[in-house]
2 protein chains.
Amino acid sequence: MSSTWQREVMAEIGAGGRVSDGDIVRQVRRAVLMQRLPPGSRLPEVTLGEVFGVSRSVVRKALTRLASEHVVDQRPNQVARVRAPDVDETRETFSARNLVEGEVAALTAGRLEDRVLVQLEDRAEREREAFLANDEPTRIEHSLAFHHLLAEHSPNRVLGSMLTDLILRTSIVIALYKRQGLGSCYLEGDHPCLIKHLRSGDGEAARADIEQHLTSLQGLLDLGPRDSSIDLKSILSGGK
Amino acid sequence: MSSTWQREVMAEIGAGGRVSDGDIVRQVRRAVLMQRLPPGSRLPEVTLGEVFGVSRSVVRKALTRLASEHVVDQRPNQVARVRAPDVDETRETFSARNLVEGEVAALTAGRLEDRVLVQLEDRAEREREAFLANDEPTRIEHSLAFHHLLAEHSPNRVLGSMLTDLILRTSIVIALYKRQGLGSCYLEGDHPCLIKHLRSGDGEAARADIEQHLTSLQGLLDLGPRDSSIDLKSILSGGK
DNA sequence: TCCACTTCACGTGTATACAACTGTCGAGGT
DNA sequence: ACCTCGACAGTTGTATACACGTGAAGTGGA
């Protein structure tokens with residue numbers, strides 16, 4: 001747990017009133033997403049308690065919830081750690097999200113209120129602006145909000161909440177496996193294109209948009225060299 | 001919380017050693033599935049603690065986990081209750097499961113070890129026997145195990161664990177909305193048919209099997225009359 | 001008769017104390 | 001130099017005490 005993060009959290013908390021487990025969940029989730037808490041970071045209960053000014057009871061509840069969201073790993077008698085999905089799980093998460101978000105998009109197409117479509121357009125536009133301004137955190141924020149909006153308005157709320165979970169998980173692995181030197185994972189035009197088909201009511205086109213979007217996104221990731229066979233080889237050859 | 005259930009739990013626990021939160025989760029889940037704990041049942045922390053011989057700390061953790069599994073409802077400052085999904089959520093759960101289990105079946109087809117196929121056949125056969133013997137609890141047990149086996153061996157483990165969740169949730173609503181007087185929700189031949197296509201490797205046929213199976217299952221449920229409009233009518237007409 | 005208010009039992013929210021476990025570092029023997 | 005074992009510090013597991021919130025029954029008045 002970096003101390004710079006501690007200070008930021010303190011600042012954010014100090015103003016508000018009391019802290020609940022939900023606040024801790026949000027803060028930690030956000031910190032993981034923003035890579036302030038890199039995968040593998042230790043999250044001892046007492047330390048978190050001190051940072052947030054609450055006792056272990058509250059922290060424990062928050063950690064349990066974070067574990068059920070697949071954000072942290074909680075094993076018996078061991079410190080909770082920020083989860084670090086391997087490349088296989090990353091691929092599986094993407095294809096699961098492809099299935100679910102594709103279906104949600106197809107179901108949603110043509111059934112969205114104008115109000116929501118405008119909100120989507122707003123997010124897409126702001127994301128573009130943030131990208132042009134090189135403000136990556138803000139860009140991510142709007143991109144996430146875009147997809148969350150879709151999940152929230154899914155006619156099938158069960159699929160919607162599954163999608164919410166998958167959006168979080170893919171965001172984490174994107175942060176983890178983003179190619180070095182790549183400033184942003186912005187894909188110009190993808191979101192507006194999806195909006196167009198959602199508005200016109202072409203469900204299958206919307207599903208295809210999602211598939212294309214996620215495939216492109218996965219392409220920006222560095223998932224290649226870390227195959228299990230290669231790993232084994234490099235270990236046996238005596239690296240390090 | 002019925003007291004008959006308490007006695008059963010006591011019996012099951014007394015023999016074993018210490019109880020962990022996982023044990024409580026399993027027991028409660030099972031009791032809900034078997035309709036020993038009808039929807040809406042109150043689950044006070046102290047009472048559960050007494051039943052299982054542990055303190056509230058352990059019970060709280062178990063309840064939090066059960067809430068994340070959608071088995072119980074946990075609202076601030078109120079007793080946890082066994083969840084009672086409405087008919088809309090029931091339909092949505094079924095169609096979500098249709099999407100996910102269909103995909104898992106398609107992915108799995110032709111890629112299963114012989115060992116697993118034999119296990120599946122075994123479960124299907126035992127389910128049939130239990131049905132013929134009119135032993136509904138055992139039948140449900142094998143039916144659940146059948147689908148869980150599929151979920152466990154999904155090549156995509158993310159989808160697999162999502163399926164595990166959906167199997168549980170559909171089982172709960174089946175117990176809830178099963179047509180009165182219907183002894184069993186057994187569908188002769190569905191499982192063997194699926195196995196055939198899983199073995200032959202015909203993914204699309206397997207997907208269709210799942211869809212057909214779930215549609216039939218949903219047809220055995222009493223989801224019609226309880227529409228919100230009808231409910232309102234029956235209330236206004238003054239029936240007790 | 002009905003409504004608003006008070007009171008109280010019940011149950012959860014939070015903090016804290018102590019027991020039990022895990023990994024690590026160092027001493028001692030081989 | 002290496003391996004083994006034991007003690008210790010750090011952390012989680014569990015139980016318990018007290019504070020606080022909620023809903024229901026009872027009470028008084030219009």
Side-chain angles (χ1 to χ4, degrees), chain A residues 1-3 5-6 9-10 13-14 16-28 37-84 238, chain B residues 1-3 5-6 9-10 13-14 16-28 37-69 71-84:
Chain A
M1 263 175 56
S2 75
S3 64
W5 180 60
Q6 286 194 22
V9 168
M10 293 289 276
I13 299 295
R18 236 164 235 76
V19 227
S20 74
D21 58 321
D23 297 321
I24 302 181
V25 169
R26 266 186 298 278
Q27 291 279 347
V28 173
L37 284 176
S41 302
R42 291 162 49 92
L43 298 171
E45 298 176 355
V46 281
T47 314
L48 277 176
E50 284 162 8
V51 171
F52 288 97
V54 294
S55 82
R56 283 178 53 210
S57 325
V58 187
V59 175
R60 280 179 77 83
K61 187 161 187 179
L63 285 176
T64 304
R65 286 180 52 183
L66 285 165
S68 78
E69 285 183 16
H70 311 102
V71 175
V72 308
D73 246 356
Q74 221 183 0
R75 302 153 126 188
N77 290 316
Q78 263 168 263
V79 279
R81 287 170 178 279
V82 175
R83 234 171 88 82
Chain B
M1 261 175 56
S2 76
S3 63
W5 179 60
Q6 286 194 24
V9 168
M10 293 289 277
I13 300 297
R18 235 167 233 75
V19 223
S20 73
D21 58 321
D23 297 321
I24 302 181
V25 169
R26 267 186 298 278
Q27 293 279 349
V28 173
L37 283 176
S41 301
R42 292 162 48 91
L43 298 171
E45 298 175 356
V46 281
T47 315
L48 278 176
E50 283 161 10
V51 172
F52 287 97
V54 294
S55 82
R56 284 178 55 210
S57 324
V58 186
V59 174
R60 280 179 77 83
K61 187 162 186 178
L63 286 175
T64 303
R65 286 181 52 182
L66 285 165
S68 79
E69 286 184 14
V71 175
V72 308
D73 246 356
Q74 221 184 1
R75 301 154 133 189
N77 290 315
Q78 256 164 271
V79 267
R81 287 168 178 280
V82 175
R83 236 170 87 83

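In what follows, chains carry the letters A, B, and so on, assigned in the order in which the sequence lines appear, proteins first and then strands, with residues in each chain numbered from 1. Note that this is a predicted model, so its numbers are computed, not measured.
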Under 3.5 Å donor-acceptor, Arg81(A) side chain and Gly40(A) backbone: yes

field: Separation between CG of Leu43(B) and CD1 of Ile24(B), rounded to the nearest 0.5 Å
entry: 11.0 Å

message: If the cut-off is 4.0 Å, is Arg75(A) near the phosphate of dT22(C), judged by side-chain N/O to OP1 or OP2?
response: no

- prompt: Between atom CG in Leu48(A) and atom P in dG10(D), what is the gap in whole Å?
  reply: 17 Å

statement: d(Thr47(A) OG1, Arg56(A) CZ) to nearest 0.5 Å is 11.0 Å

message: Starting the side chain at C-beta, find the nucleotide from dG11(C), dC21(C), dA15(D) nearest to Asn77(A).
response: dC21(C)

message: Once rounded to the nearest 0.5 Å, what's the spacing between atom CD of Gln27(A) and atom CG of Leu48(A)?
response: 11.0 Å

- prompt: Picking from dA15(D), dT12(D), dC10(C), which would you name as closest to the side chain of Arg42(B)?
  reply: dC10(C)

message: Using only modelled atom types and a 3.5 angstrom limit, is any donor from either the side chain of Arg56(B) or the base of dG13(C) paired with an acceptor on the other?
response: yes

message: Quick check: any donor-acceptor pair below 3.5 Å linking the side-chain of Arg60(B) to the base of dG13(C)?
response: no

query: Within the pair Gln78(B) and dG11(C), is there a side-chain N or O less than 4.0 Å away from OP1 or OP2?
result: no

- prompt: Taking only N and O in the side chain of Ser57(B), is any of them less than 4.0 Å away from OP1 or OP2 of dT14(D)?
  reply: no

